[in-house]
Every structure is written in C-alpha cells, then in structure tokens.
Amino acid sequence: MDGKSTIGENAPSSTTSVTTPVTTSATTQPTSTSAPTATTSPSTKGKGSGPKKSKRDGAPWDAKNKKKKQRKNTKNAEEDRKNYESRSKGYAMKGEDGEVLDGNAPHPGSYAYETYLQNKRKKEEGEGEGKDPVSDSAPDSNRKYPKRKLAFLVGFCGKNYQGMQMNNNSKSIQAELEKAFFESELLSEANYGYPKKCGWSNSARTDKGVHAAAQVISARLNVPTPDEDLSSLREIINSNLPSDIKVLDIKKCTKGFCAKTCRDKVRYQYMVPTYCLRSDLKEAFDKHMPTKDRGSFENLDKGVVEAIQKEMREHRTDEATLDKVRDVFGKYKGTKKYHNYTNRLSYTDASASRYMLDFSPVSEGCVYSPDGMEWIGVRVTGQAFLLHQIRKMVSMAVDVIRGGATEDAMDKSFGKGKMRLSIAPSQGLFLDMSYFDLYCERPDFKYSKLRWGDDTDTSPATQRWSEFKRVHIVDHILSEEEKELNFLTYMYNQIYFFPKGEDAYVLFEGM
C-alpha cells in the first residue's frame, strides 16, 4: 500500500476503529454506546439551524395557512356549487341577454328555456309563484315507463335551421327533436331542457344550412309504447316533428353506447353542377357579359343572368371530365395536413392531420334537376372532419378540374405554407351515412346492428333512408339552385374576383 486511504462505497477504511465490549458489574454503571447530543448555543443559532419541522409536526405557520384556506373555501362555496351544477347539466350559465343563470335553468337553446323565462318574469312582476317551466304542455308525469338506451337514425333538411346542436338564440334540429321526444312522452318533465341528464349525444356536427340523411342520436329515454314497440314509437315521434325532420329508424343499444364516441367513420356527399367543371367557363360568362358590367353578381342585369343560366342548364359533361374528377378528388385519400382547409390551425397542430378513406363520384352517375341542369355527386369518407373542411376541399378540386388552379397548388395546400382557399356553398353538402362497425363487431354484441345503406341491404329502414335522401335532400338541393342561384354566384365570384394564377393561392410560406 502507498499509505493513501481509498474512499468509496465498497472500499475499506484506513482508520477503522475497533469497538471493545464493556463488561458491567453490580457496582459498575452501564456505559452508554450512543453519541452525546450536540448542544447549539444561542449565539450560533440562526435561520436553518437545528432540525426542521415538517408540515405534519403542527408548525404554527401550517395552522395559519390551513385557516386561510378554510376561509377561502367558505367564501367561494356558493360560486363553486353553481359552477358544479352548470357543468353537470352541460350548458353555459348565460342566458339570452348574457345574464348569469341559476343552476336550475334549462339549456338556453331548448324550448323549455322559453317557458322558464316567462315564469321567471311572472315571479319578478309579482304575479304569483308561476307554474313549472313546462307544466302547461307536459304529458302525464305520474305514468312510469321503462327506460332504455336508444339509437335514432334521423334525417333532416337544414335550410331553416342554424345547425344540429342547440345554441343560445338559434333554431336547431336538436331542440325540435327534444320537443318531439317530450311531447311523445319519451322525455320526462324533469329532464326536458337538460340534455346531459339523459346522456344525449350526436354522431356528427352539422353547420347552418347543412342537411343530413343519417344523423344518429343516442339517449336514455322512456319507451311508452306497449311491449316496447319501436316501430309505432317512431310514428308517434314523427307526428310531433316538422315535415323537414324525420326519425327513420330506432334501435336498442348497450348502456354505454355514445353516438359521438362509438362512431368510427362518417360519409358526406356534395352535389356539384357539372357546368362548374367546364374548362371554358370564363369564356361562357364573357360571352354574355360586357367588361363594364362585371360588378357584383346581384347587380347584374336580369336578362344577362337568365342567358348565363340557360347556357349552364344545357351543358353536359363528358367521360374525360369524369375521369379527371376521379383523379383530382382521389388526391385527398390518405393522411394529410388540412390546416389550410379550416380556421385557426397551423401546420404544426396535431389536429390538422386527417385521414380520408375515400373521395370519389357516386356510382349512380349524374342526376338532373326539373329545369334540366346536370349534377354530379361526390362522396368523402373519413374518420372526422374540421370546420368548413369538406366545402374547401370541393372548392379546391373544382378549381383544379376546370383549370382555375394547378395540381401543384393543390399539393402545396397540404404543406407548411399558408394558403387562401375559397369555400363552396353549403347548399350542396349533406351527411350521407354514419358508421359504427367497431361497436357492432364486438363478440358480446346482442342487439340489432347499427348499419344502414349497404348495397345489399333491403330493410325498411334503409328504404326510408334512401327515399328521404332523394326526396327531401337531393331534390331540394337541385330545385333550390334554380331559385337562389347559389352555385352560379359562387362561380362568378371565383372567376372574376378570386386571385388569378398559381401564386394567387400561396399567401406566405414557412408558417
């Protein structure tokens, strides 16, 4: 050894002491083996010296903070209670004028909220206690019915509504359905106006003016028909619904079924007039319209508009254009970044990535409106979609097909650059089908499968779905264009007011 001590976890010490056992006798005091306790003098005692007490030792500062926290909790107890009640009912605590609602107020977008406000005003004016929010129109609340988790296949024309979901001061599909459920005794008076109580869920979100042939709704509701007959129950509900909303099928499902989370994919369809795909569309407009008249479409001479409309009505597409439709719309298949196809998203946002299973023309081919205009439907199937995504996808593809944009510009729209994209009219879009394949393929599944619209399916529910789509949605879209000229206005603005050339689509790159 070199005389140096080795320091380490397993190294032997060079100064190891040996402890000698102490022998005690009757006259000898036992020797303590513990080390003497070090005493700190007052002069050397300072901050941090000595053993620190933990919070559990009952330090004075801990008790003080505890009392302070108790006072804070007591002060905010009422506010916390109201916030909890509002969250449990699933709505924001603001009324039509922005006032804070109490915890018992129904959803501001429900019809029950109107009656609630009326009774509230009566109480404030001193006209008595008033009645319950919905007692005037409530069915017999003393009758007891079995409760079941049900799935409803619903079709509607969205022209007269502000969307599917209930919102403050807006007419919605959900409010109409809730009212019909209440009048048909599926929804109790205690749950009317509180969709969260019955576990209400929608399979898809539809915006203002958008239609649906296969919206699926799930909720735990009463079944007031004898032997739980769902067919007669569907007829009762439809008798309390407007003519532009219909329940097409009702099926029982498991208690844990949620139409929103159990849906694994969804299919939308968009109807496009074939004249929008013309490569000579600008020349067709120029022929009927002098340069000096190219202002707002609403200010065009009526005779000019009728002449343009007549020529568009006589147009017929060819097979080469249909092949290009398949190729261009097929470029959307797979996973891509759609930050340019919605609002307030950047390339780096994870939610901008979307997977498209298919985007292609319908197999039925072209259809014709009563005035003779030719239309083609395109269907897109995906897991989920962003706000305005489908309408912007259609707008970009139509511009590429007619030559208003290049395929390179379309490829750039999925890159890091930020692009300005137009949005196609909402009148051509509708929800075509909702799918629950993973939910229905479970080995322990014992209910009727939530499947409609297959080519081999000839069930009455699928026939009702097909008829509603054709009569109430497709025919409505075709006839609406003849009166309102939504697509003609859109194409006019695209040709004369949207920036021209490939560079017009890229505003800046490298977000």
Side-chain angles (χ1 to χ4, degrees), residues 269-291 293-331 359-380 390-407 410 422-430 470 473-498 500:
Q269 181 168 325
Y270 195 94
M271 301 299 298
V272 184
T274 57
Y275 73 80
C276 297
L277 311 175
R278 291 177 58 171
S279 59
D280 61 342
L281 187 59
K282 185 177 185 303
E283 290 75 10
F285 273 88
D286 291 341
K287 182 172 60 176
H288 300 283
M289 192 168 41
T291 306
D293 293 338
R294 292 174 191 169
S296 174
F297 185 84
E298 290 77 10
N299 297 329
L300 291 179
D301 183 75
K302 185 178 180 181
V304 173
V305 174
E306 291 177 352
I308 296 174
Q309 189 179 14
K310 183 177 182 296
E311 180 170 346
M312 301 301 114
R313 199 181 295 132
E314 295 172 353
H315 173 76
R316 295 294 180 265
T317 192
D318 53 18
E319 192 62 32
T321 303
L322 293 178
D323 290 339
K324 195 169 185 179
V325 169
R326 297 184 188 96
D327 294 340
V328 174
F329 278 97
K331 292 173 73 68
F359 206 157
S360 59
V362 297
S363 58
E364 294 84 356
C366 298
V367 295
Y368 300 89
S369 62
D371 64 344
M373 186 174 290
E374 187 181 57
W375 295 69
I376 185 171
V378 288
R379 285 177 179 167
V380 55
I390 298 176
R391 292 162 62 190
K392 288 195 173 188
M393 293 167 73
V394 171
S395 179
M396 169 59 87
V398 167
D399 277 358
V400 173
I401 294 169
R402 69 179 180 86
T406 64
E407 292 191 19
M410 185 176 185
S422 294
I423 182 169
S426 63
Q427 286 77 11
L429 180 64
F430 66 91
R470 177 179 55 84
I473 297 180
V474 175
D475 288 354
H476 169 79
I477 293 173
L478 271 54
S479 60
E480 184 181 34
E481 174 62 18
E482 183 180 356
K483 302 174 184 177
E484 299 185 2
L485 307 178
N486 296 304
F487 284 89
L488 202 62
T489 305
Y490 161 71
M491 294 310 302
Y492 174 86
N493 293 330
Q494 281 292 101
I495 292 172
Y496 294 113
F497 296 103
F498 193 74
K500 308 297 186 298

Do S422 and Y490 have side-chain atoms, one donor and one acceptor, less than 3.5 Å apart?
-> no

Q.
Pairing donors with acceptors under 3.5 angstrom, does anything connect the side chains of E480 and N486?
A. no

What's the spacing between [X] [atom1] and [Y] [atom2] if we round to 0.5 Å?
| X | Y | atom1 | atom2 | result |
| --- | --- | --- | --- | --- |
| D318 | K324 | CG | NZ | 11.0 Å |
| R278 | M491 | CZ | CE | 10.5 Å |
| M312 | L485 | CE | CG | 12.0 Å |
| E311 | L281 | CD | CG | 9.0 Å |
| H476 | M271 | NE2 | CE | 12.5 Å |
| L300 | T489 | CG | OG1 | 9.0 Å |

So, the side chain of [X] versus the backbone of [Y]: is there a donor-acceptor pair under 3.5 Å, distance only?
| X | Y | value |
| --- | --- | --- |
| Q427 | I477 | no |
| R391 | A424 | yes |
| Y275 | M373 | no |

If you compare all heavy atoms of [X] against all heavy atoms of [Y], which two are closest, and at what distance to 0.1 Å?
| X | Y | value |
| --- | --- | --- |
| V304 | H288 | CG1-O, 3.4 Å |
| S395 | I423 | OG-N, 4.2 Å |
| E298 | S296 | OE1-OG, 2.5 Å |
| E374 | R316 | OE1-CA, 3.4 Å |
| Q269 | G377 | NE2-CA, 4.3 Å |

In plain terms, say whether E283 and K287 are close enough for a salt bridge, that is, a side-chain N and a carboxylate O under 4.0 Å apart.
no

Between [Y] and [X], is there a side-chain heavy-atom distance shorter than 4.5 Å?
| X | Y | result |
| --- | --- | --- |
| I495 | R402 | yes |
| V328 | M410 | yes |
| R313 | S369 | no |
| L478 | V367 | yes |
| T317 | C366 | yes |
| V400 | F329 | no |
| L429 | V394 | no |

Kindly indicate, with the supporting measurements, whether the criterion side chain to side chain contact (heavy atoms under 4.5 Å, CB included) is fulfilled by M289 and D301. CA-CA 9 Å; M289 192 168 41; D301 183 75; over 6 Å; no

**Item:** Criterion salt bridge (Lys or Arg N to Asp or Glu O under 4.0 Å) on K310 and E306, from CA distance to verdict
**Value:** CA-CA 6 Å; K310 183 177 182 296; E306 291 177 352; over 6 Å; no

With V398 as partner, the option from V325, V378, L277 fulfilling side chain to side chain contact (heavy atoms under 4.5 Å, CB included) is L277

### Atom CD of E484: over 12 foreign heavy atoms under 6.0 Å
yes

Residue pair L322, I376: steps toward the side chain to side chain contact (heavy atoms under 4.5 Å, CB included) verdict:
CA-CA 9 Å; L322 293 178; I376 185 171; 3.4 Å; yes

How are the rings of F285 and Y492 set to each other: parallel, tilted or perpendicular (split at 30° and 60°)? tilted

Checking Y270, F487, Y368 against W375 for ring-ring contact (aromatic ring centres under 6.0 Å, His included), the one that qualifies is F487

